[in-house]
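As the structure is a computational prediction, the values presented were derived from the model and not from experiment. Counting begins at 1 with the first residue of the sequence.
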Amino acid sequence: MLDEHRVALHWEARPAFEESFPRLKTSEQLYQADDKRLTCAGGISAMDMMLHLIQNRHGDALTGQVCDAFMHDGMRQPGQLQRMQTVERFGVRHADVAEVIELMEQNLEEPLTASELASFSGVQLRQLERLFRKHCHDTPTRFYLRLRLERARQLLKQTQMTVVDVAVACGFRSPEYFSRRYRAVFGMAPREDRKMAPELSRMALGQDISAGLENGSLQHPL
């Protein structure tokens with residue numbers, strides 16, 4: 001159903017979705033609207049998408065009335081950012097530190113070295129380390145590691161990728177090292193943490209039902 005269509009997804013769900021459905025094209029936009037498909041990133045963007053649909057079909061006047069009824073400031077355009085800027089999300093007010101954090105988030109699967117981060121941002125490595133200690137109360141290396149582990153936790157809870165595949169997708173070449181660092185940060189091993197994810201239970205149940213319908217062991221409720 002989604003072939004040849006771009007899919008708008010919540011920023012948090014995109015990594016897991018892209019790993020699970022590599023053929024499909026995802027979008028960073030708040031919503032994607034074409035003649036046959038409407039997808040949105042969830043949350044308030046669903047309101048923006050429906051306002052877009054109302055505007056296209058019924059014009060600005062009705063769109064404004066709907067906004068008033070819902071006490072909504074107005075329709076956001078699809079290209080607006082889903083997430084707050086790095087400065088707001090991390091409380092970082094230094095431009096060089098914010099730039100480096102963005103570089104880290106863009107390179108989780110193939111991590112850059114601390115020297116490469118410093119080089120790309122145009123500051124000396126020692127200066128970068130001082131800036132991170134001052135503004136993030138951490139070193140660049142530990143901060144980067146935490147970002148990769150948080151991405152790994154998302155994938156563990158939202159996909160059925162193996163622990164080894166999750167480790168590789170987050171830049172860990174040694175599963176043993178990945179497990180040690182994961183336990184040190186989250187207090188439990190990756191497999192233990194995964195068992196607590198309700199998303200995976202629902203996914204597994206859905207796959208069991210689909211398999212049963214295909215092989216005839218289950219009857220379709222309709």
Side-chain angles (χ1 to χ4, degrees), residues 1-32 36-46 49 82-83 89 101-112 142-222:
M1 292 179 66
L2 293 173
D3 285 352
E4 308 303 325
H5 298 276
R6 294 189 71 83
V7 184
L9 287 168
H10 190 283
W11 62 267
E12 192 176 25
R14 285 187 68 214
F17 187 93
E18 290 171 346
E19 292 287 348
S20 300
F21 307 101
R23 289 190 306 107
L24 298 182
K25 300 176 181 178
T26 61
S27 168
E28 296 181 2
Q29 296 198 156
L30 291 174
Y31 55 92
Q32 286 283 154
K36 296 182 179 180
R37 302 286 185 273
L38 293 170
T39 58
C40 72
I44 302 301
S45 68
M49 182 180 70
Q82 287 189 21
R83 305 184 72 182
R89 285 190 288 120
I101 293 175
E102 290 174 3
L103 276 172
M104 291 175 176
E105 291 186 316
Q106 294 164 7
N107 294 275
L108 297 179
E109 186 170 355
E110 296 290 340
L112 302 172
R142 283 198 299 264
F143 190 95
Y144 203 174
L145 176 63
R146 178 75 190 214
L147 290 179
R148 291 159 56 205
L149 289 170
E150 288 174 349
R151 170 63 59 82
R153 198 177 204 190
Q154 286 181 9
L155 294 178
L156 284 169
K157 290 180 176 292
Q158 297 177 6
T159 75
Q160 290 187 305
M161 295 169 63
T162 67
V163 173
V164 172
D165 286 342
V166 168
V168 172
C170 298
F172 296 93
R173 296 296 174 258
S174 166
E176 293 77 15
Y177 176 74
F178 167 63
S179 294
R180 286 199 305 272
R181 301 315 305 163
Y182 195 98
R183 183 186 289 275
V185 171
F186 299 118
M188 63 184 74
R191 286 185 175 82
E192 295 171 348
D193 202 8
R194 161 168 273 175
K195 292 178 182 177
M196 302 174 66
E199 295 90 344
L200 280 181
S201 298
R202 290 195 295 269
M203 188 185 302
L205 176 61
Q207 290 182 346
D208 290 343
I209 291 174
S210 297
L213 290 172
E214 289 176 1
N215 62 31
S217 61
L218 288 175
Q219 296 297 315
H220 196 287
L222 302 180

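Note: Gln160 CD to Asp165 CG = 12.5 Å, rounded to the nearest 0.5 Å. Atoms CD and NZ, from Glu4 and Lys36 in turn, are 10.5 Å apart once rounded to the nearest 0.5 Å. Interatomic distance, Ile44 CD1 to Leu30 CG, rounded to the nearest 0.5 Å: 11.0 Å. A distance of 12.0 Å separates CD in Gln106 from CD1 in Ile101, rounded to the nearest 0.5 Å. Distance check, rounded to the nearest 0.5 Å: SG of Cys40 to NE2 of His10 gives 10.5 Å. A distance of 4.5 Å separates CG in Leu108 from CZ in Arg151, rounded to the nearest 0.5 Å.
For the pair Arg181 and Phe172, the cation-pi criterion (under 6.0 Å, within 45° of the ring axis) is not fulfilled.
The nearest pair of heavy atoms linking Leu149 to Val185 is CD1-CG2, 3.5 Å. The minimum heavy-atom distance between Val163 and Phe178, with the atom names listed, is CG1-CE2, 3.8 Å. Minimum heavy-atom separation, Ser45 to Tyr31: O-CD2, 4.2 Å. Residue Val168 comes nearest to Arg173 through the heavy atom pair O-NH1, 3.5 Å, listed as atom of the first residue, atom of the second, then distance. For Arg148 against Cys170, the heavy-atom pair with the smallest separation is NE-O, 3.0 Å. Between Leu147 and Met104, the shortest heavy-atom contact is CD1-CB, 3.7 Å.
Between Thr26 and Glu18, the side chains place a donor N or O and an acceptor N or O closer than 3.5 Å (distance only, hydrogens not considered).
A donor-acceptor pair is defined here as one N or O able to donate and one able to accept, closer than 3.5 Å; no such pair exists between the side chain of Tyr182 and the backbone of Ala167. The main-chain N or O of Leu156 is found under 3.5 Å from a side-chain atom of Arg194 such that the two form a donor-acceptor pair. A donor-acceptor contact shorter than 3.5 Å is absent between the side chain of Arg37 and the backbone of Gln32. Looking at Ser179, its side chain never comes within 3.5 Å of a backbone N or O of Ala189 through a donor-acceptor pair.
Side-chain contact check for Gln158 versus Glu12: some heavy-atom pair is nearer than 4.5 Å. Residues Leu155 and Pro15 form a side-chain contact, since some pair of their non-hydrogen atoms from C-beta on lies under 4.5 Å apart.
Looking at Glu19, Met161, Arg153 one by one, the single match for side-chain contact (heavy atoms from CB on, under 4.5 Å) with Val166 turns out to be Met161.
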Could you go step by step and tell me if Thr39 and Arg6 meet the side-chain contact (heavy atoms from CB on, under 4.5 Å) rule?
CA-CA 8 Å; Thr39 58; Arg6 294 189 71 83; over 6 Å; no

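With sequence neighbours left out, Glu176 forms a side-chain hydrogen bond (donor to acceptor under 3.5 Å, both in side chains) with Ser174.
Salt-bridge check for Arg14 with Glu28: passed, with a basic side-chain N closer than 4.0 Å to an acidic carboxylate O.
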